[in-house]
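For reference, the structure discussed in these notes is given below.
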Amino acid sequence: MFAARLSRQLKAARTLRSARRISTTSARQSDALFVHRDTTYNNPKIAFEFNPDNLKRAEEIISRYPPQYRKAAVIPLLDLGQRQNKGWTSISVMNYVAKLLEMPPMRVYEVATFYTMFNREPIGEHFVQVCTTTPCMLRGAYDILDTVCKDLGGIKPGETTKDGKFTVIEVECQGACSNAPMLVVGDDFYEDLTPETTKKVLEAFRKGEKPKPGPQSGRLTSENSAGLTALTSKPPGPGEFCTPEFS
Amino acid sequence: MLRLVSSASRPASTGILGVVAPSTSARHGRRAFGSTSSRHADITLTVDGKEVTVPQGSALIQACEAAGATIPRFCYHDRLAIAGNCRMCLVEVERSPKPVASCAMPAMPGAKVFTNTPLVHEAREGVMEFLLSNHPLDCPICDQGGECDLQDQSMRYGADRTRFHEIAGKRAVEDKDLGPLVKTSMNRCIQCTRCVRFANEVAGVEELGTTGRGNDMQIGMYVEKTMNSELSGNIVDLCPVGALTSKPYAFHARPWELKHTDSIDVMDALGSNIRVDSRGVAVMRIQPRPNDDVNEEWISDKTRYAYDGLKFQRLTTPLVKQGHRFVNASWEDALTAIAEGLARSGAKGDEIQAVAGHLADTETLVALKDLVNRLGSDNLTLDSPGGHAAPVHSVDVRSNYLFNSTIPGVERADAILLVGTNPRHEAAVLNSRIRKSWLHTGLEVGLIGERVDTTYGYDYLGNDAKVVADFVAGKGAFAEKFKAAKNPLIIVGSSLVEHADGTGVYNALAKFVEQNKAKLLTPEWNGFSVLQRVASRPAAYDIGFVPSKKASSVKPKFIYLLNADEVDPKSIPRDAFVVYQGHHGDLGAQLADVCLPAAAYTEKSTTWVNTEGRSQLGRAAVPPPGASREDWKIVRALSEIVGSPLPYDDVLSLRDRMWDISPTLVRYGVTEATSTEATLAGLKTLIAGTNGAKVAGTPLKKPIDNFYQTDPISRASVTMAQCTRAFTKGEAYGFSEISSQPQASYA
Ligand code: SF4
Ligand code: FES
Ligand code: FES
């Protein structure tokens, strides 16, 4: 996130140089736009509706909440909408959810802009999210990020490749720190990465395959990477070591 | 439209609402989300060593206030829900490990609170430092300068230096376009969310909210949209910093240059309490003045922004028509011309007609009525459709034409039937009370009349007199709800008397009230209210400024238009001699043979009677322009010249005369309830006078199409013209409209 922020700032500073700076304080822009702008691909006129499957699921989700708290379903419904809408939440998705839940559209916009996992801009087919929070960073997450960016043709975090296949962003901790460094593609975690395995994972996606999620180093989940040091013997069976009346 | 308000409720000290909530919710079997039950017990605690007793449920900040300790604050506002997000109100409470936000903390019995300890000082300094870390240092060019809470409080409570050196720069947020009234400068916003809470709770603009999170959070509508509300100007007052300022007033004056005059608004019949801020001879702006019985702390945008109309189109010298042109004249010549015109027209008795317009003040109405009566005429007409005939409800009993439930009383109602009225446009501030009660209690609203967007949900009953008959007969779901209600209220619009079926509707409703008097008419509750929409009307009815039956059929030869600008030119006979007295060269002046320039409401100290019958004293803030004079003095001078001088020479003796007519006219600031017996007698005469009325069934129409331009002042106002363009016609501000939600489909 920081990198994205920085690059934007540099750009702004470069264009401003010719003008006289009265104050020395530079403006710190946020890294995403928190207002909506109509574009050809994202405007309220583009229709969106749940397909019958999702509509059924939506109804099921809504039914989990008491009727006067219908609006509590806004997050799962936005997620459903995002999945149906190629991984991003357009203004039409938000408006549709608002209508479905009978709440003012602004209340949905508030939710959608608050949670960073709602993408409000289109993303590529494979959504690559590289974790750079401390544990991953200590295990070389920035190398992974650089590898990804270079491998995808020199794009920057937050950008999409020209062919629309990949989008890369930096994310915060995904809760897989024990297998740091890691990245997420879509809903799957790829862990224990090295620049080499990262390239392999991306290559597989590029070929249209789906690499096996989980640690790429060959170890099982988050077992000790140097082999087990405890609990190596066979676990005792039922009744073993018990007094005779229980065995 | 959802009725849920997403917030912590206000402490019980709010009064009426708190009391109503538990009982209604129990009866409807519905949970009232936005209200806590109120208990009347008092609790005692110690603030800075001083004991105070406050009602249970009060916030700690209120207890501190009560003890005389000033607590700095940004987000807390006692008329809005509590947000607790600015942290400026931190205080120390004994045995609490850290400072607590006093606005979000209920006062506890026996608590020991300290508001003036080193810990508190340090906490305030720290909060201030964070708030300022992203706040631009543009006070010299900020319109809020001089009345900015952030500026004042940072001087009082802030540190004298900063530790932030803005390595990454200050947060930059783009400005929003909220329309022609509210100017935004969002870099200055400190995210107190007062504006958001006001818009959602009070004004009913559910499009305003916060987007983003953390440091990137910003206030706005996400999509580009204007803030379409009659109350939007109030967010300018609420904003503690200069993020929201007034567009028309931008860079016109600094607060310390302004003279404040407490006065009364005349743009509608509510009599909102205002403060007129003037510099020299010009009104610079108009602000609300708190009055819990009338406007709480809000005023409508027309009240607030129509003042620039006082500068344009003014009549400044007497004008006499010669041929087809007006020529300037001295007062003497103009008044003589009128006396001659009166003689020439040969008007005798009822052929002398006086027409009272929307902005006529009470003193002048009394003087004009006395003069016309002295000249032998009873032809006192009101400037409204059908105003030349005696009104359907006679004016003998006040309760027949006043808002009997009183404005705060609206909050006690649990079922409201609106007949032929759109309170949102006829009394915007009253409308916010209905919304408040609709949000927080189980209030049910029904509407008979044109479908309108009211900012609350309602049951739509229909559009003509037949529906009223059905309702009275108890048909329909809403009639049942109304029957079941404890404090039912019928609000009748002032346009009903102007409607062809008005007689029939009044008859039906009066009978209904009489039949259900056990509920609608008790000593505690009067559930039959008429909502007047023009400032002068209640006073005109009070003093009997209505024609006698005989006079109303006479063709006038001499017409005196007092502020009358809504007259139908066709209703004025060609050969009649017409005098116009008023402050704007609007329609009335065009019809006149002689124009007399008078003072506008900010230029005279006069009495205004609001729709509840509450008389209030407006005060002159600036002198009238040019040769114009106070209205009643003009009438007094004229009386001398036409040879029947009025017996009062100063305003005090004129007010004595008003006292003789009705003491309520000069008992300022209070309402006097009509007794139940008198109300019933009034209804009886009303029924007797309207029995057998035919009902044609023509649809009821809302009287105000364009909220922003309803009188000569607002018609002359540039700001109001811009509002008309932006909001009423929707031009130039039509960005990203999503299909507007169907109104009130689920109430
Ligand atoms: S705009 Fe003003 S009122 Fe609204 S949140 Fe910002 S500081 Fe508060
Ligand atoms: S820090 Fe990367 S997953 Fe926790
Ligand atoms: S006033 Fe208490 S937190 Fe803002």
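These numbers come from a predicted model, not from an experiment. In what follows, chains carry the letters A, B, and so on, assigned in the order in which the sequence lines appear, proteins first and then strands, with residues in each chain numbered from 1.
- More than 12 heavy atoms of other residues, nucleotides or ligands sit less than 6.0 Å from atom OH of A:Tyr65.
- Neither the backbone nor the side chain of A:Arg70 comes within less than 4.5 Å of any heavy atom of chain B.
- A:Arg107 approaches B:Gly209 most closely through the heavy-atom pair NH2-CA, 3.8 Å.
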Q: Take A:Thr113 and B:Gln218 through the side chain to side chain contact (heavy atoms under 4.5 Å, CB included) test and state the conclusion after the steps.
A: CA-CA 10 Å; A:Thr113 51; B:Gln218 53 177 284; over 6 Å; no
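- To the nearest 0.5 Å, atoms CG (A:Leu33) and CD (B:Glu174) are separated by 6.0 Å.
- With rounding to the nearest 0.5 angstrom, the CE atom of B:Met221 is 8.5 Å from the CE atom of A:Met106.
- Contact annotation: the side chain of A:His36 never approaches that of B:Thr211 to less than 4.5 Å [non-hydrogen atoms, C-beta and beyond].
- The distance from atom CZ of A:Phe34 to atom CZ of B:Arg213, rounded to the nearest 0.5 Å, is 8.5 Å.
- Heavy atoms of other residues, nucleotides or ligands lying less than 6.0 angstrom from CG of A:Asn51 number more than 12.
- In this structure, no portion of B:Leu137 lies under 4.5 Å from any heavy atom of chain A.
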